[in-house]
Structure formats: structure tokens, C-alpha cells
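Just below is one structure, and these are the notes that go with it.
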Protein chains: 2
Amino acid sequence: MKALTPGQGVTIYHVAERAGVSIATVSRVLRGNVPVSAETARRVREAIAELRYTPSRLGRGLAERQHAANGIVFPELSGPYYAEVVLGYESVVAELGRSVLILSSHGRSDAPGMVRELAGRVDGLVLCTRTVDDEVIVEIAASGVPVVLIARTPVVARAGSASRTGAMTPAGAEDPAATADPAEADPAEADPAGVADPARLIDTINAENRASARDLARHLLGHGYRRFLFLGDTTASFDFAERWMGVREVLGDVPRVPCAFDEEGGRAAADVVRAHAPDAVICGNDEIALGLAEATGGSVPITGWDDVMAARYAGLTTVRQPMRELGARAARLLDERITGARSRPRHEVLPTRLVIRSSCGPHPEEGSR
Amino acid sequence: MKALTPGQGVTIYHVAERAGVSIATVSRVLRGNVPVSAETARRVREAIAELRYTPSRLGRGLAERQHAANGIVFPELSGPYYAEVVLGYESVVAELGRSVLILSSHGRSDAPGMVRELAGRVDGLVLCTRTVDDEVIVEIAASGVPVVLIARTPVVARAGSASRTGAMTPAGAEDPAATADPAEADPAEADPAGVADPARLIDTINAENRASARDLARHLLGHGYRRFLFLGDTTASFDFAERWMGVREVLGDVPRVPCAFDEEGGRAAADVVRAHAPDAVICGNDEIALGLAEATGGSVPITGWDDVMAARYAGLTTVRQPMRELGARAARLLDERITGARSRPRHEVLPTRLVIRSSCGPHPEEGSR
DNA sequence: TTGAAAGCGATACCAG
DNA sequence: CTGGTATCGCTTTCAA
């Protein structure tokens, strides 16, 4: 028997003593998996109630070797985008009876370290965009913590010799033939070495980008525009790179000018944009578009991406993304990995939709899509 | 010595063996607080690196009796409001070297249970608005987990006999004389029984509401409006109740019609609003205002509250709240409690500002404020 | 059904 | 400085 220091917390020992049983029995009625005599269970429950006992997560976690918590890492929560993704994620993770830890990597000097630390307190992790290098991801996955990637190209590094994926080059960038839907391929199956490569086993989930980009491009062409400009840093975002690539598939080469990902980025780019004198500006996301629109005062047709709340009020033509579903779906994929319900990697792509409003210019008789 | 099962995780025992030292020594170089010979430290560090060892948070937490994590509970992350609060919170909590757990209580059937559960995995908790009843809050605080309340009236229940605060009645609702700045009062000091009452020891932090409400009311009066309507459920939100009260201090009685807290709530209330035929509608928050504006098509002057991103693009007259700071400040107050740096309760009120745009109607020559 | 005891993976006190 | 060891609070065999 242990000594029961009447200190702060009431432990399972206190309950056991109060109920006149062993801690094993208390644990049993707590977990409810092993049969316990009704009378005993009643006494235990009574003791628990009287003592206002709450089992220690730390103790339980250590014994069960699990955290009952999932994490999610995103670049920044400032924009409306990730807030929605996180909401969707929290929604299903909580429903699954687990807690959710969040981490914004934006601007933190030691992002890798923080992500590693986070990985140490969860049973599974969702990583959004380029929040950390591939090697860190592979390392975490290899350590046994399931990982799901959102809005990010699949990790390509091989275990033990992780390396960066080039400058966020989307699949098929240099080789169009390689654009086959990754969801069909099964890397794990084809592993020549027969060794499980953690990198290729990581699930990914993205919003469809290329097709919407093409739709958007065609719509703009319908307006009669011929000179375009892509505003946003395509080398820092997988999504931006794909969007840029998509519009080029229809428009041919489209010059791009990088800028910060927020409204300020769009405002600041106004001069450069004017210098290019384009017929229309395709912005990487709504915030950039909104900022630019504000700075140009509607003198040039502009489109955004994401369809954030403000886009509707600003009359911004954009592409709607299922942000909430992105997070929710990621939570589900991750859970399948945590529970071991699935071992084969999945790479999902969620549908998006072109939303035409007024910012792209007057619409004669053109219908949407 | 323990048996070293070559299982999944590498523990401190593995490192100790590899380095040829005791786990105590490994722990020492890990914590870095106790002196260790340079040579020994080097060997340990080497072993740690080779084994890619990462100390278990669960093990450490159990031994240290702390989680190194803080939590935050908000009603819903859907609106732009709480996303900002959470961002501010995460920002400073991470800076403090701790992790952050989030929980959205919205629509969850067992909110109290989930909050209690969360309380069991953190060293401190921030509760936003009316996410759980006072008794739960008091219970948590009494259990030793510091709590900070955001946008919520101070808990009034007495330990052991918790009860609800009436229908979200703001301080001074029935007794104007009691409106003295609570930050000056020191409940703990005045505790007649001499017993620490956990309820009154809970820190609170709010955005200033009444003064801004009065400013807004006066501005509306300046427009020449005389018949007003307050749109929003003042019985479900402390902030709404205060705002409504503030405008009444200037406008006299103002009828209110309750509605959901989002855009849909505003849209749905359009008919009822029209039936009242008011000169202007003062909405509890921007989303409601935006929804109503959409439904009424600008036929009636409208104002919001919060100054979310979309408000700017919709030309909505509103009151700006320092949402980010609300979260950041809460994190700081909480940390002072966790570290024990402060034991006296604090009740802070952050300044807000009236932002006049076009939704309240044409401005002849009137200046702002 | 129930109890005793062996961990789970650290921390930290107590001797050497 | 360093090693041995007693916790921390709970889960889970192994016997009874």
C-alpha cells in the first residue's frame, strides 16, 4: 500500500481506500471493461463522487502509452483560411473523444523543434503547408507518430536520407506525364526494396487546384483579357504553385510577382502590378486580392482564391475551397492511422468551385462555368 | 536496473546504457540544472543523438506533476472573432514554452464534461464567454487549475454552493452604484470569512463595452435617428448584454430582438426587423449586421460590433475590439497564476474604438466620436 | 470478482 | 560529480 499524503490531488488510492477496495478495482470500474460486482461498483462510484476524483491523464497516459490527443500545425491563424481548417479538424477530433493541440509555426525561429516537441505529446499530427522541412516530417513519421499532410506535396525523401522537395514544385511540373492521379498509385505496394519507406506512407489531402485554375483562366479569357499577372509567391506555397501552373495550362506563360500572403502583401504590390499593366490579375488567395483591390480601387480586374467571408462583401471573383472539410477529412484519415484501421497511404483531393462575382469585370452575357 | 525491451520507443534507460551512465545522469544533462562533468555530458549527448532520443512528455509530466500546456475554450471558431483570440493566446503561450489545447464547446452535448477533461490535461485554462456554468468553473478553479475568464462576467458563486449568475446580467445592471471599476477592488482582501473563495479569485478580462456603446448611440443620434432596435440575444452573451445596456444609457429603452450569432441569424431576422420599422439597427456583432444588411439591401441603417475583416469591405460601422490582445493578455494573466507570480485576482478591461463607415447612413458633416 | 505487484518513463533526493 | 532508488498515478497481468 502506498502512503496517502493528503496533498492537493485526490488519486486513485484515495478512492480505493474510501471505497474499501484495491486500486485495481477502482481502475476497473473506471475503465468499465472488466466485470465488477454491482455493489462494489456502486461503492467505488460513490467514493469517486464524494472525493470529486478525476483520473490523472498523465498517469493514465503513461500506463496506456498514449496521449488521447491529436495535433495540428499551421503557418498562421491570422487569415480566415486556417481558422476554418482548424475548426473542421477540432470538430471531428473532439467527436472522436480526443483533445487537440495547435501550433502556429509562423515566424517562430525554432519551428522544427516546436513541431518535434508537439509530436511528443500527441498520437497523431496534421501538418499544413510548408511548416517544416521534409526531413522533420519523415523523422516524426518514422518515430511512430502518424502524420497527415494538408495542402502540401507528398513527401518524397527516403527514410534515413531525407532531403527537401525542390522549390515546392507540384507533381508533374517538369514532367506532365507524371500527373496521374496519385490516389490511384500505391507507393507502398511498389516499394522495390521491400522496405517500408515512411516518407511514402504519409497520407496527404489537398484541395483541387489545377482544374479550378483552368476554369478561372477560361472565364477570364471570356472577358476578352489577354495579358495576365499572377500575384503571390509560388515558391513558398504548394497551392500557389499549382494554381499558377493551372492557369498557365490555359493562358500560356503568365508572369508572376511574389508578395506576402496577406492583405498588406496585396497592397504593397500595387505599384509593381501597375507597372505590368495587365488586363487582369490572378491573385494566389483572397487576402492578397482584397489588398490589391483596395490599393488599385477597382481600376483593374482581380480574382482571388479561397472565398473567405470578406470576399463575398467585396464582390471578389474567387475559387471556393472546402476548408472545413479539409480539416475534418484530415482528422479522419489520421484517426484511421492511429487506430491502425488502415495501413495503406491515401492521397485525397477535395473538389473546389469557381465563384464568379464582380471583381473580374463586367459580365456581358457570359454564364459562370 | 530495468530490462530494456528493444520495443518502439527509446527511453532514458537506453540512453543511459549506451552512454555507460545511470539514468539519473542522463536526466541531469537533459535538465541541465545540476553540474555534470564535461566528458560525461558529451557521451550522453552523443548517445542521445545516435539513438534519436526524445524524452517522454508523459513520463516527465508525471514526475514533475505538470503538463507544460495551457488550454482555451471558446464557443465556436467559425466566426472570425474567436479565431483571433485563439491566435493571440497561442502566440504568447507558445512563446512561454508551453503547448496549447483548444476546445470548441459549441453544440457539444457534454460541454461540462469536455471542459473538465481538458482541465485535467493542462496547467491553466482560459474560458471564453458562457461556455460552461459557473459551478463547473468554480470546481475547476478549486481543483487547483488556474482559470482566466474572457468576455464573461466574474463568477459570483461561492465555493461549495455554486449557482448560476442570473441571465447574464452585467455588473451594475440593477445597481448602477456597483459599477465601480472592479480592478480596484480586491475581493480576496475583503473576504469576511477569511476563507479563500475560489470563485472570487478568478481573473477576468473583457473588452470595454459600455463606453463604446454610448459613443455609438450618440453617433446614431447625430444622424437624427430616434427609433432604434438592438439585434442579438442579450441573455446568452455577456458582451451583448453590456452593449445593449450601454446604448440604453444614451438612447433610453431600446427594444431588442434575439437571433443567432452568425450571418444567418441576421438574415433570418430581417422580417422581424422590418416589422419594427426602426430608424437604425444596432447589431450585437458584425456577422449579424452583415447578414441583416444583406437581407435588407441597405434599406435601413445598420451597425455591427467587432470590426471583423469583412466589415471593412462591407462598409460596416462598428466597434473595433482588440481580439488578439484579449487572447494574449489572458495568456499572460494565466501564466502569472500558473507560475504563482501573482495571487491577487485581476479584472482587466481592454479599450475599444468606434469605427464609422457607411452602413449607418450618410454623414453630413459629422465627425467620428 | 478482486487484490498484489510489475511496469510506463521521467525527476530528484540521498548517499557515496 | 554520479549511482541507486523512491516516487508520480494509473493500467494490466497473475493468482487467489
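For A:Arg42, the salt bridge (Lys or Arg N to Asp or Glu O under 4.0 Å) test picks out A:Glu39, A:Glu46, with sequence neighbours left out. Residues meeting the side chain to side chain contact (heavy atoms under 4.5 Å, CB included) test with B:Arg18, sequence neighbours left out: B:Ala47, B:Glu50, B:Leu51. For B:Thr54, there are no side chain to side chain contact (heavy atoms under 4.5 Å, CB included) partners, not counting sequence neighbours. With sequence neighbours left out, the side chain to side chain contact (heavy atoms under 4.5 Å, CB included) criterion links A:Ser56 to A:Leu58. In this view, B:Arg43 satisfies the salt bridge (Lys or Arg N to Asp or Glu O under 4.0 Å) rule with no residue, not counting sequence neighbours. A search for salt bridge (Lys or Arg N to Asp or Glu O under 4.0 Å) contacts involving B:Glu90 returns A:Arg108, not counting sequence neighbours. In this view, B:Asp123 and B:Arg98 satisfy the salt bridge (Lys or Arg N to Asp or Glu O under 4.0 Å) rule, not counting sequence neighbours.
A:Leu58 has its CG atom 16 Å from the C1' atom of C:dG7, to the nearest Å. We find that CD1 of B:Ile48 is positioned 10 Å from P of C:dA10, with the value rounded to whole Å. Here the C1' atom of nucleotide C:dT1 and the CZ atom of A:Arg42 are 17 Å apart, to the nearest Å. Counting to the nearest Å, the C1' atom of C:dA6 and the CG atom of A:Leu62 are 13 Å from each other. Summarising the geometry, the separation between CD on A:Gln66 and C1' on C:dG9 is reported as 16 Å, rounded to the nearest angstrom. Protein atom NE2 of B:His14 is 12 Å distant from nucleotide atom C1' of C:dC8, rounded to whole Å.
In summary, the side chains of B:Arg121 and A:Ser99 do present a donor paired with an acceptor at a separation below 3.5 Å, with no hydrogens or angles considered. In this structure, a donor-acceptor pair under 3.5 Å is present between the side chains of B:Thr129 and B:Tyr82.
Here A:Ser37 reaches the OP1 or OP2 of C:dT2: one of its side-chain N or O atoms lies under 4.0 Å away. OP1 or OP2 of C:dT2 lies within a sub-4.0 Å distance of a side-chain N or O belonging to A:Thr40. Within the 4.0 Å cut-off from OP1 or OP2 of C:dG3, at least one side-chain nitrogen or oxygen of A:Ser22 is found. At C:dC8, none of the side-chain N or O atoms of B:Thr11 fall inside 4.0 Å of OP1 or OP2 (strictly under the cut-off). Within the structure, a side-chain polar atom (N or O) of B:Arg65 is placed less than 4.0 Å from OP1 or OP2 of D:dG9.
For the helix from C:dT1-D:dA16 to C:dG16-D:dC1, the terminal axes (five pairs an end, C1' atoms, rotation from four pairs onto the next four) enclose an angle of 40°, given to 10 degrees.
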What is the per-nucleotide protein-contact pattern of nucleotides 11-16 of chain C, from the 5' end, where B denotes a base atom under 4.0 Å from a protein heavy atom, S denotes such proximity for sugar-phosphate atoms only, and - denotes neither?
BBB---
